[in-house]
Number of protein chains: 2
Amino acid sequence: MTGNHRQAMQDAPPLRVGVVGLGMAGSLMVSVIAQHPCCTLAAVAEPYARLRERFVRDHAVPASADIVGVLERDDVDAVYIATPHQFHREHTELAARHGKHVVVEKPMALSLDDCDAMIDAAARHRVTMIVGHTHSFDPAVRAMRGAIESGEYGAFMMAASWNYTDFLYRPRRPEELDTSKGGGILFNQIPHQIDTVRYLNRARLRSVRAATGRFDPARPTEGACAVFLDFADGSCATLNYSGYDRFDSDELHGWVSEGGYPKRAAHGSTRRAWEGFASATAEAAARSERYGYGGPAALSAQTPPHQPHFGVMVVSCEHADLRQSVDGVSVYTRDGVREIALPKLGGRPGRSDVLDELWLAVRGGVAPVHDGQFARGTVEASLAILRSARERREVML
Amino acid sequence: MTGNHRQAMQDAPPLRVGVVGLGMAGSLMVSVIAQHPCCTLAAVAEPYARLRERFVRDHAVPASADIVGVLERDDVDAVYIATPHQFHREHTELAARHGKHVVVEKPMALSLDDCDAMIDAAARHRVTMIVGHTHSFDPAVRAMRGAIESGEYGAFMMAASWNYTDFLYRPRRPEELDTSKGGGILFNQIPHQIDTVRYLNRARLRSVRAATGRFDPARPTEGACAVFLDFADGSCATLNYSGYDRFDSDELHGWVSEGGYPKRAAHGSTRRAWEGFASATAEAAARSERYGYGGPAALSAQTPPHQPHFGVMVVSCEHADLRQSVDGVSVYTRDGVREIALPKLGGRPGRSDVLDELWLAVRGGVAPVHDGQFARGTVEASLAILRSARERREVML
């Protein structure tokens, strides 16, 4: 964003944003919207009464049980759709029909047909649709993209991305463990990596070769994968992910968490806590309590001291390697290493950049990067990874 | 190796080993052989008079200009062939005809025909042939293999290996920059990574999908690559390498060098030193001086304080992740992280394990892992990486 954009954002009337779903993503966004200089929180919808009541105690903002309660309000310009994946298409179409701009959480949808329907709906009703948040919005990724666009380092040639987390043993709803319903890492974690390399290199993805792993029959969905991506321009990327709560790649990133907070080694502890749940019902309830509005995980909406990131990633250009560091981007060249320091995120938690992109599109007429076509490409790649692993062959896109 | 093996090694007559070629690999092996408890240095051959003279000043060991001077000696049981790649076949066949056991440096050869001829020669003359050294011989890799073989952690599922080095700008002979003559990373660096994952998972390689990079026209050979390996048992590995002296992955390994020595960040310095050479001839001479017998790089034959390693690697099994650490192997499981500490390498520099495998094969009748068939598989994979990159498709093996 340029300085002119920032000034324009402060002068124009704020965007009034509704949040649909007060689970993890939605409740994080509540505070991000509240702190954003040119958005206001206009309304929320959440079917689970306990979360809605917690919200109403904190905010003088209308709360309804149903999305329609938000969409029918004249004082809502845009909605942030953070409902379970299977509702993304229906809720996006509904929002578009009501003339509301849409930010829909990743994954955009679980099939390309659904993606196409959402793209059509937004176009037909002339609303902006952005898909996010993913870590491709992170300031460090944007800085890397800026470095690449500057031309100083030559073309993007190869990216390598690792993330090893406790993802699979975090408390889940049963559908989150069913790939056909959008469960597992392919729809929930790998999109961060795919979006990021596609954000950095705008060439079309040409093919995918991948293997996936299900290492624990008690969590019957993909929890690990290894991916080779071939871009049409001849560059490539490899992605590795494992969510089995063993090695934690933040060990290689100064023990700073995905959100940018200091963390401590806790190998296996998420899994051991999960083993303590008496039933899937107890687990799902714990999930809602912990990650839903007002739960302890909502603390992480506070401003992080370091940059958000997603594992470790090295991007090799013709003349430089770029790597996300704890507070910025390290640039390694013939002349040594230098640091692109990024501004501290004071008052701008990690996900503010999604709102910037929305504001610039709606008020500034700047075409968003993370639009429906971009996000469709990431869904296509996720589906191709599953297919490549199943058929044990390269899949052309 | 078991305690019984170690005892037997001390009781049996030593293996008398000749070294052919006093370049970097050969001169390293001179001191490794001299320090090995059950090998003796019996003879050397080196055509370059200056290196031979330096050697003769240090050792009361016969030195000839030609390999035949070593092979015709009755007091030589085995030879370590560290000649340029293009001579590996001829020299191995010659050694076998003279009834000498052979350790031949990687790459075994540059074509599968040559590999087959070498395997045939060894079989026909009933000599042992081992290909090495690669980092698959490292104590940490052997410890990882032991952990996998124990069955405690379930099957090997996925390996991810990164190495970012200054390889391409180290002083070179012209042929080392010509892929058709065995130059570049595919024949000289990636075999470490391929050997290592194949050593850890003994399943057959089923297919390869890869991209290679030539980022600098002044070094016209492959200097970077990204590889997806599919094993017949459904497991997989990804390998990333870049040798352009920018990011150095030892930054993620406590700044311990490949050989196990403390090192400091020196991004770009190898390249800047290379830019100072007046000509390719000056560069080749510097190479010989620096890395040949008695040069400053020979210092690294001293016992390293830490374990040798090759970049960073995470191996995911069904129930654990294994990672080479500075002094051993970190094992990450449901129960946390524990360290397999390895004995210090006192008196046993990194490459002693090649001689152990040779000794066990010749004196102990233990079939070597790194035999001709194993090494042929790695050459096949290197060639398939080049082909996959050229044809932009998956290559079946």
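Every chain is numbered from 1, with letters handed out A, B, ... down the list of sequences.
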(request) Look at A:Ala266, A:Ser235, A:Ala224, A:Ala232 and state which one has the largest set of heavy-atom pairs under 4.5 Å with chain B. (result) A:Ala232
(message) Measuring centre to centre across the rings, with the benzene-like ring taken for any Trp, is B:Phe310 within less than 6.0 Å of B:His192?
(response) yes
(request) Against chain A, label B:Arg271 side chain, backbone, both or neither, depending on which of its atoms sit under 4.5 Å from a heavy atom there. (result) side chain
(request) Identify which part of A:Arg323 has an atom lying under 4.5 Å from any heavy atom of chain B, answering side chain, backbone, both or neither. (result) side chain
(message) Looking only at heavy atoms and a cut-off of under 4.5 Å, which of A:Val337, A:Asp230, A:Asp216, A:Val331 has the most pairs with chain B?
(response) A:Asp230
(request) Counting only heavy atoms closer than 4.5 Å, note whether B:Ala237 contacts chain A via side chain, backbone, both or neither. (result) neither
(message) Set out, in order, the CA-CA distance, both residues' side-chain angles and the distance that settles ring pair (Phe, Tyr, Trp, His ring centres under 6.0 Å) for A:Phe156 and A:Phe231, then state yes or no.
(response) CA-CA 10 Å; A:Phe156 172 107; A:Phe231 283 99; 5.8 Å; yes
(message) Report, in residue-number order, which members of residues 244-254 of chain A are under 4.5 Å from chain B by heavy-atom distance.
(response) A:Asp245, A:Arg246, A:Phe247, A:Glu251, A:Leu252
(request) Give a yes or no on whether the ring-centroid distance for B:His319 and B:Tyr153 is below 6.0 angstrom. (result) no
(request) Please identify each residue that fulfils side chain to side chain contact (heavy atoms under 4.5 Å, CB included) with B:His306, with sequence neighbours left out. (result) B:Val256, B:Val326, B:Asp327
(request) Sort out for me which of A:Arg214, A:Arg272, A:Met157 touches chain B most, counting heavy-atom pairs under 4.5 Å. (result) A:Arg272
(message) Shorter than 4.5 Å, heavy atoms on both sides: which option in A:Ala155, A:Ser330, A:Cys317, A:Ala159 has the most such pairs with chain B?
(response) A:Cys317
(request) Taking the side chain as every heavy atom from C-beta outward, state whether A:Val314 and A:Gln324 have any pair of such atoms under 4.5 Å apart. (result) no
(message) At under 4.5 Å between heavy atoms, what parts of residues 384-397 of chain B are in contact with chain A? List them by residue number.
(response) B:Arg392, B:Arg393, B:Glu394
(request) Look at A:Tyr164, A:Trp162, A:Phe228, A:Phe215 and state which one has the largest set of heavy-atom pairs under 4.5 Å with chain B. (result) A:Trp162
(message) Taking the six-membered ring of B:Phe167 as reference, does the cationic atom of B:Arg172 (NZ for Lys, CZ for Arg) lie under 6.0 Å from its centre and within 45° of its axis?
(response) yes
(message) If the contact rule is any heavy atom under 4.5 Å from chain A, which residues of residues 201-210 of chain B qualify, in numerical order?
(response) B:Arg206, B:Ser207, B:Arg209, B:Ala210
(message) Checking the side chain of B:Asp138 only, and the main-chain atoms of B:Ala140 only, is there a donor and an acceptor separated by less than 3.5 Å?
(response) no
